[in-house]
Amino acid sequence: MATTSSSEISLQELQLAARNHGLPLEALRYEITPIGLHYLLIHFDIPQVDEQAWRLQVGGRVSQPLTLTLDEIKSRPSRTTAVTLECAGNGRALLSPRAVSQPWLMEAIGTAEWTGTPLAPILEEARVSPGSIEVVFTGLDRGVQNEIEHLFERSLPLAEALRDEVLLAYEINGQPLPPQHGFPLRLIVPGWYGMTNVKWLDSITVVDEPFRGRQQAFSYHVRDTEEDPGEQVTRMLPRSLMVPPGIPDFHTRTRHAAPGPSVLEGRAWSGWAPIDRVEVSTDGGRSWDDATLGKHLSDFAWRGWSYRWEAEPGEHELCCRATDAAGNSQPASPEWNFDGYCNNAVQRIAVIVSSP
Ligand SMILES: Nc1nc2c(c(=O)[nH]1)N[C@H]1C(S)=C(S)[C@@H](COP(=O)(O)O)O[C@H]1N2
Ligand SMILES: [Mo]
């Protein structure tokens, strides 16, 4: 995998960025992200799926393999949960050197109400064989990455796959999944980084040895060098983001705001534990003050926060920082790793306060 230290985005990165968009940060105002504003990450091409011909295969180390139509899946017990998804590569473009991949700044997030059927009863029905250790989720999308041709597929340890909150989702915000979000069916694993939530599901395979697919054994590891096996990326680290205040400059996106009392607002989440605290700094991180937390939406969705700010004329750097109930927090500056994963450094927003 290539890396670059250039401060300029290459055409290769632009090619990815033009396909995979982020959440415009002003859309943090919506507790549930409207469908077209949720971030997107698609490695290869969006597969076109014929709903009538499509089947989900559940097999591998099971004694009762299943073949399910979409109607059969929809007729099973359904559940709707608000879940925040974040791409593990969020923040990659702020690292130097950076991996040449989707160059996210900090907008690879979204929160949707996902409706589907719980996975655990399906695995129980299929009767998982003793000695099984993982469940592999295979998408219909095929491509080449680092010269290896493969389908997009990821595995979960059996115990994680059996967790109550794991869903096979066929609706987002009350609508059938649109093609870009995984029509007709995707996996939703609340709390884990985005890559876990395999879209365009084709099959679910129970295995008795660790799955070594390209997207599992090679991608999504926090490592120092290309040779280092590294640590698997799993759950989302805590993070908070702020709605950029005022109005933007078109080219630089520097913010311009009027002096006087104002309310800063944003959202915070963690895949490890509920959000306990959000702090705001209006002086670039020298001093911090507690924000007020909003209502709890779901165990797996972001939490709103707000902060009263008396904007004085001049230039300011606004920051926010979340801490979860397990004591995890956000570093002041990014912790570098080879592929640019899990960068949860505090957001910094330059604001010029002046009278219009
Ligand atoms: N089949 C398949 N599933 C996939 C992907 C993919 O490229 N193919 N991308 C993954 C990644 S890296 C992320 S971050 C999320 C993005 O989900 P979204 O586009 O619905 O926001 O989907 C995951 N599921
Ligand atoms: Mo991702």
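Atoms within each ligand, like the ligands themselves, are counted from 1 in listed order. Computed from a predicted model, the values in this text were never measured in an experiment. Atoms considered below: every heavy atom in the structure, side chains included; atoms not considered: hydrogens, waters and symmetry mates.
R186 forms no cation-pi arrangement with W200, by the criterion of a distance under 6.0 Å to the ring centre and an angle within 45° of the ring axis. Seen from the ring of Y39, R19 does not count as a face-on cation partner, given the 6.0 Å and 45° thresholds.
Atom 4 (C) of ligand 1 has F152 CE2, 3.6 Å as its closest protein atom, hydrogens excluded (heavy atom only). Atom 11 (C) of ligand 1 has M195 CA, 3.6 Å as its closest protein atom, hydrogens excluded (heavy atom only). Nearest non-hydrogen protein atom to atom 9 (N) of ligand 1 is L41 O, 3.3 Å. When only non-hydrogen protein atoms are considered, atom 23 (C) of ligand 1 lies nearest to G194 O, 3.3 Å. The closest protein non-hydrogen atom to atom 8 (N) of ligand 1 is D141 OD2, 2.6 Å. Residue, atom and distance of the protein heavy atom nearest to atom 14 (S) of ligand 1 are Y39 OH, 2.9 Å. Among protein heavy atoms, the minimum distance from atom 3 (N) of ligand 1 is reached at K199 N, 2.9 Å.
Between H43 and ligand 1, at least one N/O pair is under 3.5 Å apart.
When each atom of ligand 1 is checked for a heavy atom of C87 under 4.0 Å away, the hits are 14 (S). Shown in contact with W200 at under 4.0 Å from a heavy atom are these atoms of ligand 1, numbered in order with element: 1 (N), 2 (C), 8 (N). Close approach to I42 involves these atoms of ligand 1, each under 4.0 Å from a residue heavy atom: 7 (O).
At a heavy-atom cutoff of 4.0 Å, ligand 1 is contacted by no atom of F44, backbone or side chain. Proximity of N197 to ligand 1, defined as any heavy-atom pair under 4.0 Å, is confined to the backbone N, CA, C and O atoms.
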Problem set entry | Worked verdict on S203 versus Q57 for side chain to side chain donor-acceptor pair (under 3.5 Å) | CA-CA 5 Å; S203 62; Q57 306 291 345; over 6 Å; no
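When the heavy-atom distances from atom 17 (O) of ligand 1 to H38, R186, H181 are ranked, the shortest goes to R186. Remark: among candidates W104, Y193, Y220, the nearest residue to atom 12 (S) of ligand 1 is Y220, based on non-hydrogen atoms.
V233 is listed as a side-chain neighbour of C342, based on a closest heavy-atom distance under 4.5 Å. A 4.5 Å side-chain heavy-atom check between H43 and Q145 finds at least one atom pair inside the cut-off. Inter-residue side-chain proximity for E125 and R127 is flagged as unmet; no heavy-atom pair is nearer than 4.5 Å.
By the 4.5 Å side-chain criterion applied to Ile, Leu, Val, Met, Phe, Trp and Tyr, V144 is assigned to no cluster and stands alone.
Looking at residues two or more places apart in sequence or on another chain, you find no side-chain hydrogen bond (donor to acceptor under 3.5 Å, both in side chains) involving R267.
Residue L119 is tested with V189, L167, L162, I204 for a side chain to side chain contact (heavy atoms under 4.5 Å, CB included); the sole match is I204.
Atom CD of E209 is surrounded by 12 or fewer heavy atoms from other residues, nucleotides or ligands within 6.0 Å.
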